[in-house]
Amino acid sequence: MPDLRRQVLESGKTMSRKAASKEGSRRTSRASSAQNSHQSSRNASRQASDDEDAGNLSDDTAVSLGSFDDFENVDVEKDNSNWAQELLDVVDDILDRKRSSVLSREENYAAYCRLSKFHYVEESIRRRVPDLLAAFARSIKSETSVRETTLAMRALELLAITATDNTIFEHTEPLLTRTIRDSSSDSIKVAAIHCLGTCTMFGGGGDEAIEDQMTFFLDIVASDGQSIDAQEGAATCVTAALQEWGFMATEIDDLESESEEYIQIFMDQLSSGDPSVQIAAGENIALLYERSYTPQEHWTDEGEEDSNGEDSLDSESEEQVYHTGPKRVKRYSPYHDTPELERQLQSLATVHSKRINKRDKRDLHKNFASIRATVADPRCGPMHSDHGSKLTVKIGRQGIMHIDRWWKWIRLNSLRRILQGGFAVHYFEGNRAVLDNLPVMMVRRQTGDRRTSPTGRKEDKIRQNQRRAKLEFADDDYY
C-alpha cells in the first residue's frame with residue numbers, strides 16, 4: 001500500500017541543491033575545523049535541506065517492500081561524525097535572532113530538521129527546549145515567508161517527537177489553531193494541521209485535548225475546508241485533517257457512540273475528486289470498523305466480559321499470536337447501512353474513469369480493495385494485494401514489522417511523515433515516542449562475532465531497546 005503523505009512541505013520557494021550544498025558546507029566546515037577540508041567539503045556537498053528531502057517521499061517508495069532509510073542523505077548523515085557540534089552551532093544561530101535574516105533562519109531551520117531527523121538529538125537539546133520553542137513560535141506567528149513558517153513548524157514537530165516535553169502542547173496549541181484558521185496560505189494551514197496533531201500526540205496533550213482536536217479536525221473535513229477558510233488548497237487541508245484525525249483516533253478506547261456520525265462524514269468524502277482525500281477517509285472508515293471488534297479475552301459474543309479469555313491463548317505459540325492475535329468478536333455495529341458503504345468502496349476499488357490518471361487509479365484500486373475487505377470483515381487488517389497477503393514493512397537493514405491492524409498502519413504512516421528517512425534511526429536509537437506507538441519488530445540476525453563486530457554491538461543495542469519496549473507495549477491493548 002503506497003504512502004500518500006508527501007504534501008506537508010509543498011510550501012512555495014525551495015532551496016536548490018547548489019544552495020543547500022553551500023549551506024551544508026558552511027556548517028560542516030565550522031563544526032569540523034579539526035578535520036581536513038577535503039573531508040568536510042565532500043560530506044557537506046551532498047547534504048540537502050529539509051524541504052528538499054520532503055520531495056523524496058514518493059509513492060514509488062513502497063512501504064510493504066522498501067526500506068524506510070531509502071532516502072537521499074541517510075548514508076551521508078551516518079558518516080557525519082561531527083553532527084553534535086553542528087547541531088549546537090545551528091541551535092545557537094536559531095536563538096540569535098537579532099542578527100538573523102529570513103534567509104538565514106530558513107537555512108538554520110532546514111539544518112535543524114536534517115540533523116534532528118537523521119540523529120536522535122534528545123540529549124543534545126534537552127536544556128534548550130524552551131528557547132527553541134520560543135524561537136519556532138516567533139517564526140510561525142510572524143509568517144515572514146511561507147518557507148520559514150513551514151520549516152519552523154517542521155522543526156517544532158521534530159522537537160515534539162524528540163524532546164519528551166509535556167509542556168509543548170499547552171504552549172503551542174493557541175498559536176497553531178490561530179494559524180490554521182487565519183493564515184492566508186493553504187500550505188501553511190496544512191503544515192499547521194500536521195504540527196498541531198504532532199504536538200497534541202507527543203507534546204503532552206492528554207485524552208481531553210486529543211478529543212478536542214479530533215472535533216476541530218472533523219469540522220474541517222465536514223465543511224470541506226470552509227471552516228478554516230481554505231481556498232485553492234482545500235483538498236490538501238482536508239487530507240491533512242483526515243490523517244491527523246485518524247492518528248488521534250488510534251488513542252481513543254471507545255468510539256462506539258460517535259461511530260455512525262464519523263462514518264457518514266467520511267463517506268461524504270469518498271466522492272471527493274482528490275484521491276488523497278478519498279484514501280485518507282477510507283482508512284479512517286476501516287479503523288472505525290476494526291474498532292467495533294475486540295479481543296475475545298475481553299468480550300464474549302454476548303458483549304460480556306470473558307474471564308477465561310487469557311487462558312485461551314496458552315495453547316497458541318508466540319509466533320501465532322504475533323501474526324494473528326487472539327480471536328476477536330463483534331461488540332457493536334459501526335454503521336447502519338454497511339451494504340451501501342460496501343457498494344461505494346467497491347466502486348472505488350474498480351474505478352476505470354479516463355479522467356483519473358494511471359497512478360491515482362492504481363492507488364485507489366489497491367487501497368480500497370483492502371479497505372473494502374475490512375468493512376466486509378473487520379477482523380481483516382490492511383492487505384498488500386487483492387490476494388490477502390499482509391503488509392510487511394522493512395525497517396532499515398535490521399528489522400521487519402508486520403502490519404496486521406489498521407491502527408498500526410495509520411500510526412506508522414504518521415510517524416513516517418514526521419521522521420521521513422530518519423525513522424529507522426529513531427526506532428533503533430530508542431526514541432520513546434516511536435517505540436511506544438508501534439509494536440516490537442522481528443530482528444534478522446547478522447552473521448559474525450558480535451563481541452567484536454560493530455554490527456553485532458549495534459544489534460545488541462537494538463534488541464535491548466526492543467526488550468524495553470516490549471515490557472511497556474501490549475498489542476492486545478489496541479483493537
Side-chain angles (χ1 to χ4, degrees), residues 1 207 211 214 218 242 245-270 280-316 320-349 367-384 386-391 402-411 439 474-479:
M1 186 179 295
D207 292 342
E211 293 178 0
M214 286 175 65
L218 198 69
L242 284 165
W245 188 95
F247 187 25
M248 293 182 178
T250 65
E251 285 287 334
I252 303 301
D253 293 331
D254 188 0
L255 295 169
E256 178 179 0
S257 60
E258 301 90 354
S259 180
E260 182 85 18
E261 176 189 359
Y262 294 159
I263 290 177
Q264 184 60 63
I265 291 174
F266 298 146
M267 281 181 66
D268 292 341
Q269 295 301 323
L270 295 180
E283 289 179 349
N284 288 345
I285 290 172
L287 175 67
L288 288 165
Y289 267 81
E290 180 177 88
R291 284 299 183 91
S292 67
Y293 276 62
T294 57
Q296 189 177 34
E297 65 264 30
H298 297 308
W299 297 85
T300 65
D301 289 321
E302 290 75 28
E304 299 176 352
E305 291 190 20
D306 180 7
S307 60
N308 298 321
E310 187 172 350
D311 295 335
S312 66
L313 297 179
D314 292 343
S315 60
E316 297 182 283
Q320 182 180 0
V321 171
Y322 181 78
H323 284 292
T324 64
K327 179 181 178 181
R328 293 183 297 156
V329 295
K330 185 175 181 179
R331 182 156 64 96
Y332 60 88
S333 296
Y335 187 65
H336 75 281
D337 194 356
T338 296
E340 172 58 28
L341 173 57
E342 287 184 293
R343 280 192 289 272
Q344 290 193 38
L345 298 175
Q346 174 65 22
S347 176
L348 289 168
N367 283 276
F368 279 99
S370 181
I371 293 166
R372 179 196 56 185
T374 295
V375 170
D377 182 359
R379 294 167 295 183
C380 175
M383 298 180 296
H384 176 250
D386 295 337
H387 304 293
S389 59
K390 296 298 183 181
L391 281 169
H402 295 284
I403 306 299
D404 58 350
R405 297 287 181 266
W406 281 99
W407 67 264
K408 296 179 185 178
W409 171 250
I410 290 172
R411 286 188 183 184
D475 184 51
D476 298 343
D477 290 340
Y478 303 88
Y479 43 86

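Just so you know, these numbers come straight off a predicted model, no measurement behind them.
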Trainee: What is the distance from atom CG of Asn284 to atom CD1 of Ile263, rounded to the nearest 0.5 Å?
Mentor: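 Atom-to-atom, Asn284:CG and Ile263:CD1 are 10.0 Å apart.
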Trainee: Rounded to the nearest 0.5 Å, how far does CH2 of Trp407 lie from CD of Glu251?
Mentor: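 Going from CD on Glu251 over to CH2 on Trp407, the span is 9.5 Å.
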Trainee: What residues form a salt bridge (charged side-chain N to carboxylate O under 4.0 Å, His left out) with Glu211, not counting sequence neighbours?
Mentor: none
Trainee: Give me the atom names and distance for the closest heavy-atom approach of Ala249 to Leu255.
Mentor: O-CD1, 4.1 Å
Trainee: Quick one: list whatever passes side chain to side chain donor-acceptor pair (under 3.5 Å) with Tyr335, sequence neighbours left out.
Mentor: Gln264
Trainee: Quick one, Arg291 and Thr250 - any side-chain contact, counting heavy atoms below 4.5 Å?
Mentor: yes
Trainee: Heavy-atom distance under 4.5 Å between the side chains of Tyr293 and Arg331, does that happen here?
Mentor: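 With C-beta onward as the side chain, the pair stays apart.
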Trainee: I need the Leu341 CG to Ile285 CD1 distance, nearest 0.5 Å.
Mentor: 5.0 Å
Trainee: Would you say Leu218 and Trp245 make side-chain contact, with heavy atoms under 4.5 Å?
Mentor: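 Answer yes - side chains close enough.
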Trainee: Residues two or more places apart in sequence or in another chain: which of them pass ring-ring contact (aromatic ring centres under 6.0 Å, His included) with Phe368?
Mentor: none
Trainee: My understanding is that only residues two or more places apart in sequence, or in another chain, count here; which of them pass side chain to side chain donor-acceptor pair (under 3.5 Å) with Ser333?
Mentor: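 In terms of side chain to side chain donor-acceptor pair (under 3.5 Å), with neighbours along the sequence ignored, Ser333 is linked to Lys330.
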Trainee: Check side chain to side chain donor-acceptor pair (under 3.5 Å) between Asp377 and all other residues, then give those that pass, not counting sequence neighbours.
Mentor: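 With neighbours one apart ignored, the set is Arg379.
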Trainee: So which heavy atom on Leu270 is nearest to which on Gly282, and how close?
Mentor: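 Smallest heavy-atom distance, with atoms named: CD2-N, 4.1 Å.
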Trainee: Under the side chain to side chain donor-acceptor pair (under 3.5 Å) test, which residues partner Glu340, sequence neighbours left out?
Mentor: Arg343
Trainee: If you compare all heavy atoms of Pro378 against all heavy atoms of Arg328, which two are closest, and at what distance to 0.1 Å?
Mentor: O-NH2, 3.4 Å
Trainee: With distance as the sole test, does Ser370 use its side chain to make a donor-acceptor pair with the main-chain N or O of Asn367 at under 3.5 Å?
Mentor: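 Between the backbone of Asn367 and the side chain of Ser370 there is no qualifying donor-acceptor contact (under 3.5 Å).
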Trainee: Is the backbone of His336 close enough, under 3.5 Å, to the side chain of Glu260 for a donor and an acceptor to pair up by distance?
Mentor: yes
Trainee: Do you know which two heavy atoms are closest between Ser292 and Tyr332, and how far apart they sit?
Mentor: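 Between these two residues, the closest heavy atoms are CB-O, 3.4 Å.
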Trainee: Report the distance from atom CD of Glu256 to atom CD1 of Ile252, rounding to the nearest 0.5 Å.
Mentor: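 One gets 14.5 Å once the value is rounded to the nearest 0.5 Å.
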Trainee: About how many Å separate CG of Leu287 and OG1 of Thr374, when rounded to the nearest 0.5 Å?
Mentor: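 Result: 10.0 Å between the selected atoms.
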Trainee: What's the separation between atom CH2 in Trp409 and atom CD in Glu290, rounded to the nearest 0.5 Å?
Mentor: 13.5 Å
